[in-house]
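All remarks here apply to the structure that follows.
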Amino acid sequence: MKKLLILIFIGIINIVNAQSIDLKDVRLNKSIPYIIKLTELKLSDTKIDSIKPIPELMDMSMADSLIYIGKTYFEFYKNSDKCVLNVVQFDDEKTELKIGDITLNKNTTENDIAKYFTQNCKTTGEIEIYGEKEKFRSCDIPVILNGELTDNRLIFFFLNGKLNRIDFWEPS
């Protein structure tokens, strides 16, 4: 009986982990990790377009500023020199996000995401994003950080059936 319970527990953990994303596996444009020091980001092949103060809309953020690469941005924390990926916007720039063996870009469809993440993205719901005119379809995936399953989410936003943006969301 004890062995059966252990096997069931291991099975549940494997199912949960199979439908979650470990942030250590995330790379923007093939080389930039989810968390990177600003000094390292400046040395990379990626051009920083701008560094802007946190907008009033994001007043709950503890970050000091936002670092933009196209419309994609990192939250920057001055005291630790760390940039944390916050929003990936699949705009006209050659932007892609790699999660392990999966490469996502502006050509990725809702159906593609549903195949990768069948438990969480088999169906999508309609959502509005503040400041945007269009209504988006979305789904979200649990996030693993430092080997632990968290309440954080990776939210996929679709417009006209194509992946438009990904937000790294954490509860406040």
Side-chain angles (χ1 to χ4, degrees), residues 14-36 38 40-52 55 57-58 61 63 65-76 82-145 149-170:
N14 285 336
I15 289 170
V16 168
N17 287 337
Q19 289 292 222
S20 60
I21 292 170
D22 193 332
L23 292 178
K24 71 176 175 50
D25 295 332
V26 172
R27 294 283 180 271
L28 177 67
N29 296 341
K30 298 182 183 172
S31 62
I32 301 170
Y34 168 71
I35 296 175
I36 187 171
L38 179 57
E40 293 170 0
L41 184 59
K42 286 179 176 179
L43 293 173
S44 74
D45 292 336
T46 302
K47 177 185 170 267
I48 295 173
D49 293 310
S50 63
I51 299 176
K52 297 182 178 180
L57 171 66
M58 293 175 64
S61 174
S65 56
L66 301 178
I67 298 180
Y68 284 88
I69 298 169
K71 292 182 180 177
T72 295
Y73 67 85
F74 289 80
E75 287 188 338
F76 174 64
K82 287 192 180 168
C83 303
V84 179
L85 190 56
N86 194 268
V87 171
V88 175
Q89 180 80 42
F90 297 102
D91 51 15
D92 293 335
E93 300 290 321
K94 185 178 182 329
T95 303
E96 67 180 23
L97 189 72
K98 196 161 173 59
I99 303 170
D101 295 334
I102 303 168
T103 300
L104 307 174
N105 57 41
K106 66 182 180 180
N107 296 315
T108 303
T109 66
E110 265 185 80
N111 289 335
D112 294 333
I113 296 293
K115 288 176 192 172
Y116 295 134
F117 306 106
T118 54
Q119 289 177 343
N120 294 75
C121 290
K122 194 171 194 172
T123 60
T124 56
E126 194 170 274
I127 192 168
E128 292 181 21
I129 299 175
Y130 180 82
E132 298 285 342
K133 295 175 186 171
E134 300 90 356
K135 289 190 177 182
F136 294 81
R137 309 267 325 147
S138 72
C139 66
D140 59 87
I141 306 297
V143 169
I144 295 173
L145 184 58
L149 189 61
T150 67
D151 290 335
N152 299 7
R153 294 281 198 237
L154 201 62
I155 306 174
F156 299 99
F157 293 96
F158 305 94
L159 189 60
N160 302 320
K162 298 279 181 137
L163 186 58
N164 180 269
R165 132 185 204 162
I166 299 173
D167 285 20
F168 292 80
W169 178 84
E170 59 183 70

| request: Supply the atom-to-atom distance Ile127 CD1 to Ser138 OG, rounded to the nearest 0.5 angstrom. | output: 4.5 Å

| task | Decide side-chain contact (heavy atoms from CB on, under 4.5 Å) for Ile48 and Lys42; before the verdict, give the C-alpha distance in whole Å, the side-chain angles of both, and the deciding distance to 0.1 Å. | result | CA-CA 7 Å; Ile48 295 173; Lys42 286 179 176 179; 3.9 Å; yes

| remark: To the nearest 0.5 Å, atom OG1 of Thr46 lies from atom CD1 of Ile36 at 8.0 Å

| Closest non-hydrogen atom pair between Cys121 and Ala114, with its separation | O-CB, 3.3 Å

| said: So which atom in Phe156 and which in Phe117 form the shortest heavy-atom distance, rounded to 0.1 Å? | reply: CZ-CE1, 3.8 Å

| message | Evaluate Ile113 against Phe158 for side-chain contact (heavy atoms from CB on, under 4.5 Å), listing each step before the verdict. | response | CA-CA 10 Å; Ile113 296 293; Phe158 305 94; 3.6 Å; yes

| request: Using a 4.5 Å cut-off on heavy atoms from C-beta on, say whether the side chain of Lys162 contacts that of Asn107. | output: yes

| field | Heavy-atom closest contact (Leu28 atom, Glu96 atom, distance) | value | CD1-O, 3.5 Å

| said: Holding to salt bridge (charged side-chain N to carboxylate O under 4.0 Å, His left out), I want the full list of residues that pass it with Lys135, two or more places apart in sequence or in another chain. | reply: Glu126, Glu128

| task | Answer whether the closest heavy-atom distance between the side chains of Leu66 and Glu75 falls below 4.5 Å. | result | yes

| query | Taking atom types as modelled and ignoring hydrogens, do the side chains of Asn164 and Gln89 form a donor-acceptor contact shorter than 3.5 angstrom? | reply | yes

| task | May I ask you to test the Arg27-Ile32 pair for a side-chain heavy-atom distance under 4.5 Å? | result | no

| said: Holding to salt bridge (charged side-chain N to carboxylate O under 4.0 Å, His left out), I want the full list of residues that pass it with Arg165, two or more places apart in sequence or in another chain. | reply: Asp167

| remark: The side chain to side chain contact (heavy atoms under 4.5 Å, CB included) partner of Ile21 among Asn152, Leu154, Leu145, Ile102 is Leu154

| field | Minimal non-hydrogen separation, Ile141 against Ser20, with atom names | value | CG2-CA, 3.7 Å

| field | Check: Asp140 side chain, Arg153 main-chain N or O, donor-acceptor pair, under 3.5 Å | value | no

| task | Supply the atom-to-atom distance Leu97 CG to Tyr34 OH, rounded to the nearest 0.5 angstrom. | result | 11.5 Å

| request: Give the minimum heavy-atom separation between Pro142 and Leu149, together with the two atoms involved. | output: CB-CD1, 3.9 Å

| field | Member of Leu163, Ile129, Ile166 meeting the side chain to side chain contact (heavy atoms under 4.5 Å, CB included) criterion with Phe157 | value | Ile129

| query | When you measure from the side chain of Thr150 to the backbone N and O of Val143, does any donor-acceptor pair fall under 3.5 Å? | reply | yes

| For the atom pair CD1 (Ile67) and CG (Asn86), what is the distance rounded to the nearest 0.5 Å? | 12.0 Å

| field | Pi-cation contact, Tyr68 with Lys52 (under 6.0 Å, within 45°) | value | yes

| message | Applying side-chain contact (heavy atoms from CB on, under 4.5 Å) to Val88 and Tyr73, what does each step give before you reach the verdict? | response | CA-CA 7 Å; Val88 175; Tyr73 67 85; over 6 Å; no

| query | Which heavy-atom pair separates Thr123 from Cys139 by the least distance, and what is that distance? | reply | O-CB, 4.1 Å

| field | Thr118 side-chain N/O to Lys115 backbone N/O, donor-acceptor pair under 3.5 Å | value | no

| message | What I'd like to find out is whether the side chain of Ile69 reaches to under 4.5 Å of the side chain of Leu41, using heavy atoms alone. | response | yes

| query | Do Leu85 and Thr72 have side chains that get closer than 4.5 Å, going by heavy atoms? | reply | yes

| message | Quick check: do Glu110 and Thr124 have side-chain heavy atoms less than 4.5 Å from each other? | response | yes

| Approximate separation, where rounding is to 0.5 Å, of Ile144 CD1 and Asp25 CG | 8.5 Å

| More than 12 heavy atoms from other groups under 6.0 Å of NZ on Lys98 | yes

| Can you find a heavy atom in the side chain of Phe76 that is under 4.5 Å from one in the side chain of Val84? | no

